[in-house]
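A quick note: this is a predicted structure, and the numbers were derived from the prediction, not measured. The chains referred to below are lettered A, B, ... by the order of the sequence lines, with proteins before strands, and numbering in each begins at 1.
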Protein chains: 2
Amino acid sequence: MGIEHKTRTQLVAEAIREKILSGEIKAGEPLRQAALAEELNVSRIPVREALLQLEAEGLVNFEAHKGATATMLSADQIDEIFDLRALLEAELLRHSIVNLTPRDLLEAEAILYDLEEATAAGDTQLATGKLNAEFHVKLYSKANRPQTAELVAMYGKNSERYVRMHILLAGGIKTAPEEHRTLLEFCKTKDINAACDFLKKHITGAKDDIKQLLVKMEQSQ
Amino acid sequence: MGIEHKTRTQLVAEAIREKILSGEIKAGEPLRQAALAEELNVSRIPVREALLQLEAEGLVNFEAHKGATATMLSADQIDEIFDLRALLEAELLRHSIVNLTPRDLLEAEAILYDLEEATAAGDTQLATGKLNAEFHVKLYSKANRPQTAELVAMYGKNSERYVRMHILLAGGIKTAPEEHRTLLEFCKTKDINAACDFLKKHITGAKDDIKQLLVKMEQSQ
DNA sequence: CAATATTAAATTGTATACAATATTAAATAT
DNA sequence: ATATTTAATATTGTATACAATTTAATATTG
């Protein structure tokens with residue numbers, strides 16, 4: 001049982017990803033291979049490979065001979081990504097919901113409990129971040145649709161920095177806390193169509209909230 | 001206006017991609033960096049970078065220290081990919097259909113004409129391949145959903161080898177030729193729901209056809 | 001002989017060095 | 001002075017060389 005040995009490329013990818021998601025590297029900013037290599041104490045090879053990976057994740061644009069830049073998502077692109085998420089997550093839920101066991105639903109409720117507590121405590125970072133994701137993942141956990149799940153994860157990561165930014169600037173997403181409970185209720189009663197429709201609205205609502213801010217930012221430039 | 005200069009990585013990616021799609025490299029087969037490098041007269045660096053790109057496209061699995069293999073899609077995975085395609089292509093069509101001009105529809109009809117001619121001439125390769133794709137792309141052309149379109153293109157590429165294989169082994173997909181014409185008709189009358197529902201069935205039908213063959217192949221192993 | 005440990009070979013991962021391209025600065029011409 | 005060329009610099013792309021890891025083969029032990 002040897003310890004997992006991470007390759008430099010993977011470590012570099014994680015480092016750069018976090019820099020982008022945290023906003024330390026701003027959208028549009030060029031990512032110089034040599035600079036990153038020196039900063040992270042590696043050669044340019046793993047930096048290049050990490051950048052290629054991040055491009056696949058949609059976090060980076062890599063143009064031959066020109067170099068890489070952190071992707072800059074326009075309001076339109078955010079719009080599309082959230083629509084895709086709504087579509088794909090509803091599809092996951094549709095397949096998962098019939099397989100959700102009572103235990104799954106209780107576990108989801110447990111997460112929801114923490115989430116509501118975090119909300120009450122004013123920790124929007126935690127509530128709209130980690131716990132929110134955990135709750136959704138739990139509901140999708142029995143979908144048995146690995147490729148769809150991977151897509152959802154990718155777009156989730158891609159949205160993450162905008163959600164974070166929104167939390168920072170607007171103090172959280174105004175998603176009503178009871179929305180999650182409503183969704184869970186539909187899952188319990190196995191009301192597939194109601195659950196999926198509600199989920200779509202839930203995601204689209206978050207989108208509208210974020211987009212409003214983004215449009216304002218685009219105008220103020 | 002300098003000529004477009006392709007990087008070795010891009011050329012290598014194209015070469016390997018075609019090898020996989022054509023079946024020259026079979027699913028599951030390991031892709032040795034050194035061998036590919038020598039064969040293509042480059043160093044291992046562009047080979048590695050090409051393999052990373054192909055992994056992002058879903059054609060290759062790249063495991064650290066173990067190496068890359070051509071992805072092997074199970075019947076289940078094929079199933080899921082075609083479901084995703086149905087979902088995403090319907091979404092594209094939904095957004096495109098209202099913007100399709102009479103000219104767009106005539107161009108689609110022109111492609112359809114060629115397609116039907118190819119079918120009549122027995123050229124299923126052309127009919128289910130290039131022309132079929134062209135027809136679909138035309139219908140989606142006014143969706144204004146670049147990221148969704150990119151996903152659709154990716155999954156299209158991913159399905160391609162199985163479609164090709166199916167054409168080879170079963171002499172084409174049994175998609176009724178009139179299905180395309182029905183779809184076009186719904187687009188002309190701007191009957192969005194009918195068009196999208198029909199498109200989903202159209203894609204799912206192709207899936208069932210291919211999956212049947214795949215299940216048989218998996219059993220015979 | 002089977003199972004495990006050890007060594008050797010193959011293969012991948014990464015650093016360094018150099019080549020190709022793009023960007024910027026300087027020089028020249030209009 | 002402005003526009004266009006030319007040279008210098010910065011940056012990316014790729015080959016080579018070496019290090020790390022895995023896989024295969026061999027040796028060792030119970």
Residue [X], side-chain atoms from C-beta onward, closest of [options]:
X: B:R8; options: D:dA15, C:dG13, C:dT16; result: D:dA15
X: A:R44; options: D:dT14, D:dG13, D:dT23; result: D:dG13
X: B:I45; options: C:dT21, D:dT14, C:dG13; result: D:dT14
X: B:P46; options: D:dT22, D:dA15, D:dC18; result: D:dA15
X: B:R32; options: C:dG13, D:dT23, C:dT11; result: C:dT11

How many Å lie between [atom1] on [X] and [atom2] on [N], as a whole number?
X: A:L36; N: C:dA15; atom1: CG; atom2: P; result: 14 Å
X: A:R48; N: C:dT21; atom1: CZ; atom2: C1'; result: 12 Å
X: B:E38; N: C:dT12; atom1: CD; atom2: P; result: 14 Å
X: A:K6; N: D:dT21; atom1: NZ; atom2: P; result: 15 Å
X: A:N41; N: C:dT16; atom1: CG; atom2: C1'; result: 15 Å
X: A:Q10; N: D:dA20; atom1: CD; atom2: C1'; result: 14 Å
X: A:E63; N: C:dT21; atom1: CD; atom2: P; result: 16 Å
X: A:H5; N: D:dA19; atom1: NE2; atom2: P; result: 15 Å

[N] phosphate, OP1 or OP2, under 4.0 Å from [X] side-chain N/O:
X: A:T9; N: C:dG13; answer: no
X: A:H65; N: C:dA20; answer: no
X: A:S43; N: C:dT14; answer: no
X: A:Q33; N: D:dA10; answer: no
X: B:T7; N: D:dT12; answer: no

Whether A:H136 and A:H202 hold their rings parallel, tilted or perpendicular, with breakpoints at 30° and 60°: parallel
Quick one: pull up SG in B:C187 and CG in B:L139 and give me the separation to the nearest 0.5 Å. 4.5 Å
Are a donor atom and an acceptor atom from the side chains of A:N99 and A:S96 found within less than 3.5 Å of each other? no
Judged by atom type as modelled, is there a donor-acceptor pair below 3.5 Å linking the side chain of A:Y162 to the main-chain atoms of A:L73? yes
For B:Q77 and B:S74, indicate whether the former's side chain and the latter's backbone hold a donor-acceptor pair under 3.5 Å. yes
Tell me which nucleotide, if any, is Watson-Crick or G-U wobble paired with D:dA27 when both distances must be under 3.5 Å. C:dT4
For C:dA9, the nucleotide meeting Watson-Crick or G-U wobble distances (both under 3.5 Å) is D:dT22
Reading DNA chain C from 5' onward, which residue's closest nucleotide shows up sooner: A:K66 or A:V42? A:V42
Would A:E39 and A:K19 pass as an ion pair if we require N to O under 4.0 Å? yes
